[in-house]
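One structure below.
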Amino acid sequence: MTDVVVVGGGVAGLVAARDLAKGGADVVLVEASGVLGGMIRRHTVGGIDLDMAADSFATRTDAVGRLAIELGLGNDVVAPDARGAWLMTRDGRTSRIPATGLLGIPSTPMAADVLAVVGQQGALRAQMDSLLPGPVGSKATSLGALVRRRMGERVLDDLVVPIAGGVHSTHPDDLDPDRVAPGLRAALLREGSLARAVLSLRARAAAGTPVQGIRGGIVRLVDELVADLETYRVDVRLHTRATRIEAHAVEVAGADGTTERLPAQHVLASVPDPERTAAADRSGIELVTLVVDQPELDAAPRGTGMLVHPEAAAVGAKALTHATVKWPWLADVADGRHVLRLSYATTATDTDDAARSLPVDPAGPTGARAVHDASTLLGVPLTPDRVTGAASVRWYGPDLTAAALGEGVVGIGEASTGRGLAGIVGSARAAAERILDS
Ligand SMILES: Cc1cc2nc3c(=O)[nH]c(=O)nc-3n(C[C@H](O)[C@H](O)[C@H](O)COP(=O)(O)OP(=O)(O)OC[C@H]3O[C@@H](n4cnc5c(N)ncnc54)[C@H](O)[C@@H]3O)c2cc1C
């Protein structure tokens, strides 16, 4: 019997396995695919090594920054370019994202950068927030209802839908304000207006940028974690899929069909329950990366990128990242070329195409759509002949309908603790520590 079996070799499983083994536990890590890292992976497009999914981490906790330091990457933690991002409204207008908002909710409704997006009428309606009694809207069950009540439809649809909706891939009418903006409701009651509540939350936020990256890519975290697994002698089994996860044993199947039962004192799982996962329509995201040789983009026409209103008819993309503007280190690597990343909503029943980087013909349907959307979003006509590399990757995320694990199994990772590295790293490390202390 080993001390711990960890299921899933994404960042959650890697972090937990490393800490456990470093603390002296015997650890077996099983990973269904042939690669470690899960959603944190590298692909090469047009000769440039790039992150395949996540490119940054939130700084609302110091969990990832601290891990980076422990892994020897502290000097390579970098802030994104300060030029900020833009948005596209439902009717296809493009504007800078106002400087002093929270999830699109303005702290100064009459500020010039807010007026530029919502117009005078929209701003005047939003300004009424300061005249309404504090409790109005404070019991709203969704972020959308809260904003609509206090600041009106224009602020909601022009700002909060593209920004909060883009960040969380969900319409604000389906977002719980206490989850996406903790403290906002209490601040509204305390300050008596939503604008002042936003101002007070912003004042309390830690200094510095809300996200950071790593020079060379977030994937370097995985490189270092994997190296540590070797140092601390974790028994890593690739092509090994957990088929049954219990509190003190994991049943696994190898690629050749052999099965084995791995008994353990503790089981940590960063995957949904494999016995309950069913083929169902899963929503996902397709990322199309273009490497473009077009000097007109040097001026960074839309800053670090754009968030797009989900019903904007002008483009199919939901967001665009101008990666070589966002990350100066990447601009150095790209040597004059530009890296653009567009994201599209996608659904599938068969998710076998997930996490595979597939080359894209810039003149074919996927490439042409991305080139068209990038041209519209950036306001610069791009042509397929200027594209020197293109790739597409689809991601579906865990099947959350099967996320609940059996009693006694410790759930870690996105399947149990939600999306995003800051939360995942912190909670996976806490779970490992609890086991070491037990
Ligand atoms: C396009 C995209 C962009 C993102 N951008 C950001 C960002 O900028 N910042 C941020 O913080 N987060 C971002 N995220 C989210 C972040 O990448 C994930 O939340 C995080 O990487 C999930 O890590 P995990 O270990 O929980 O899961 P995963 O990375 O999914 O790892 C799970 C692992 O388990 C394996 N597995 C599955 N089933 C089994 C089984 N039965 N047996 C054995 N192994 C199994 C899988 O093969 C996989 O390797 C992004 C996600 C996507 C898709």
Side-chain angles (χ1 to χ4, degrees), residues 5-17 28-41 50-61 63-64 80 167-169 210-214 217-219 221-222 225 236-245 250-255 262 267-277 283-289 305 318-319 321 323 326-327 341-346 351 354-357 392-400 402-403 405 411-428 431:
V5 173
V6 176
V7 181
V11 73
L14 295 175
V15 166
V28 176
L29 173 82
V30 297
E31 164 56 46
S33 77
V35 210
L36 294 172
M39 296 185 209
I40 312 290
R41 251 181 235 197
L50 298 167
D51 280 311
M52 248 164 83
D55 70 346
S56 60
F57 55 87
T59 53
R60 64 186 152 73
T61 75
V64 184
V167 171
H168 293 283
S169 307
V211 297
Q212 290 178 324
I214 292 182
I218 288 288
V219 67
L221 288 172
V222 167
L225 287 167
V236 176
R237 306 199 189 171
L238 298 178
H239 301 293
T240 305
R241 176 175 291 279
T243 49
R244 188 180 171 89
I245 303 175
V250 176
E251 284 177 17
V252 295
L262 306 171
V267 171
L268 262 74
S270 63
V271 304
D273 182 347
E275 291 178 282
R276 297 204 299 137
T277 307
S283 59
I285 178 167
E286 179 181 13
L287 290 184
V288 181
T289 301
K318 297 297 156 225
T321 303
K326 186 174 180 185
W327 305 114
R341 192 163 85 165
L342 296 105
S343 51
Y344 294 87
T346 171
T351 54
R356 278 200 222 136
S357 177
S392 152
V393 190
R394 288 169 188 257
W395 298 100
Y396 297 98
D399 176 359
L400 293 178
L405 294 158
I412 55 171
E414 182 167 323
S416 292
T417 59
R419 174 152 280 205
L421 298 174
I424 289 174
V425 167
S427 51

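Computation of the quantities below employed the complete heavy-atom set of this structure, encompassing side-chain atoms and omitting hydrogens, waters and symmetry-equivalent molecules. Just so you know, ligand 1 is whichever comes first in the structure, and atom 1 is the first atom listed for that ligand.
- Nearest to atom 34 (O) of ligand 1 among the protein's heavy atoms is Gly8 CA, 3.3 Å.
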**Message:** Test side-chain hydrogen bond (donor to acceptor under 3.5 Å, both in side chains) on Glu286 and Ser392; report intermediate values, then the result.
**Reply:** CA-CA 7 Å; Glu286 179 181 13; Ser392 152; 2.8 Å; yes

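- Checked against a 3.5 angstrom limit, the closest N/O atoms of Gly13 and ligand 1 fall outside it.
- In this structure, Leu342 CG and Ile285 CD1 are separated by 10.5 Å, a value rounded to the nearest 0.5 Å.
- With hydrogens left out, the protein atom closest to atom 37 (C) of ligand 1 is Val271 CG1, 3.4 Å, a heavy atom.
- Closest to atom 10 (C) of ligand 1, if we only count protein heavy atoms, is Ser56 O, 3.5 Å.
- The protein non-hydrogen atom at the shortest distance from atom 2 (C) of ligand 1 is Ala53 CB, 3.6 Å.
- Across Ala32, Ala269, Gly413, heavy-atom proximity to atom 43 (C) of ligand 1 is greatest for Ala32.
- For atom 27 (O) of ligand 1, the protein comes within 4.0 Å by no heavy atom at all.
- The shortest N or O to N or O distance between Ile285 and ligand 1 is not under 3.5 Å.
- We find the CE-OG distance between Met52 and Ser357 to be 5.5 Å, quoted to the nearest 0.5 Å.
- A donor-acceptor contact shorter than 3.5 Å is absent between the side chain of Ser270 and the backbone of Ile412.
- Here CG of Leu421 is found 4.5 Å from CD1 of Ile40. Values are rounded to the nearest 0.5 Å.
- Every atom of ligand 1 is numbered from 1 in the order shown, and the set under 4.0 Å from a heavy atom of Ala12 is 25 (O), 26 (O).
- Under 4.0 Å is where a charged nitrogen must lie from a carboxylate oxygen, and between Arg244 and Glu275 at least one such pair does.
- Less than 4.0 angstrom separates some heavy atom of Gly38 from each of these atoms of ligand 1: 29 (O), 31 (O), 48 (C), 49 (O).
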**Request:** Show the numbers, then the answer: is there a side chain to side chain contact (heavy atoms under 4.5 Å, CB included) between Trp395 and Thr346?
**Result:** CA-CA 9 Å; Trp395 298 100; Thr346 171; over 6 Å; no

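- In summary, of the residues considered (Val6, Ile245, Val252), a side chain to side chain contact (heavy atoms under 4.5 Å, CB included) with Val30 occurs for Val252 alone.
- Neither the backbone nor the side chain of Ile412 has a heavy atom within less than 4.0 Å of ligand 1.
- Side-chain contact, Gln212 with Ser56: no donor N or O sits under 3.5 Å from an acceptor N or O.
- Looking at Ala58 next to ligand 1, no N or O pair under 3.5 Å apart turns up.
- Of the inter-residue distances, the one linking Arg341 atom CZ with Thr289 atom OG1 reads 6.0 Å to the nearest 0.5 angstrom.
- The nearest heavy-atom contact from the protein to atom 41 (N) of ligand 1 is Ala242 O, 3.1 Å.
- Of the polar atoms of Met39, at least one N or O is found under 3.5 Å from an N or O of ligand 1, judged by distance alone.
- Considering backbone and side-chain N/O of Glu31, one or more are found under 3.5 Å from N/O of ligand 1.
- Rounded to the nearest 0.5 angstrom, Leu50 CG and Ile218 CD1 are separated by 13.0 Å.
- Contacts between Thr243 and ligand 1 below 4.0 angstrom, taking non-hydrogen atoms only, are absent altogether.
- Closest to atom 5 (N) of ligand 1 among all protein heavy atoms lies Ala54 CA, 3.1 Å.
- Short contacts between ligand 1 and Ile40, defined as distances under 4.0 Å to a heavy atom of the residue, involve ligand atoms 17 (O), 21 (O).
- Of all the heavy atoms in Ala428 and Ala12, the pair that sits closest is CB-O, 3.7 Å.
- Of the possible donor and acceptor atoms, none in the side chain of Asp273 sits under 3.5 Å from a partner among the backbone N and O of Leu405.
- In terms of N/O distances under 3.5 Å, ligand 1 is approached by Leu421.
- Looking at Arg41, its side chain never comes within 3.5 Å of a backbone N or O of Val35 through a donor-acceptor pair.
- Residue Glu414 places at least one N or O, backbone or side chain, under 3.5 Å from an N or O of ligand 1.
- Here is the list of ligand 1 atoms found below 4.0 Å of a heavy atom in Thr240: 43 (C).
- Every atom of ligand 1 is numbered from 1 in the order shown, and the set under 4.0 Å from a heavy atom of Val30 is 43 (C), 44 (N).
- Residue contacts with ligand 1, taken as heavy atom pairs separated by less than 4.0 Å, do not involve Val35 at all.
- Near Val7, meaning under 4.0 Å from any of its heavy atoms, are these atoms of ligand 1: 42 (N), 43 (C).
- Minimum interatomic distance between Ala422 and Ala58 (heavy atoms only, all atoms of both residues): CB-O, 3.7 Å.
- Residue contact check: Asp55 has heavy atoms under 4.0 Å from atoms 8 (O) of ligand 1.
- Regarding atom 15 (C) of ligand 1, its nearest protein heavy-atom neighbour is Arg419 CG, 3.8 Å.
- Of the N or O atoms in Val11, one or more lie within a sub-3.5 Å distance of an N or O in ligand 1.
- Close contacts between ligand 1 and Ile424 involve ligand atoms 19 (O), 20 (C), 22 (C), 23 (O), 26 (O) [criterion: under 4.0 Å to a heavy atom].
- Ranking the protein heavy atoms by distance from atom 31 (O) of ligand 1 puts Gly10 CA, 3.3 Å first.
- The structure places OG1 of Thr321 at 10.0 Å from CH2 of Trp327, a figure rounded to the nearest 0.5 Å.
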**Prompt:** Run the side chain to side chain contact (heavy atoms under 4.5 Å, CB included) check on Leu29 and Leu14 step by step: do they pass?
**Reply:** CA-CA 8 Å; Leu29 173 82; Leu14 295 175; 4.0 Å; yes

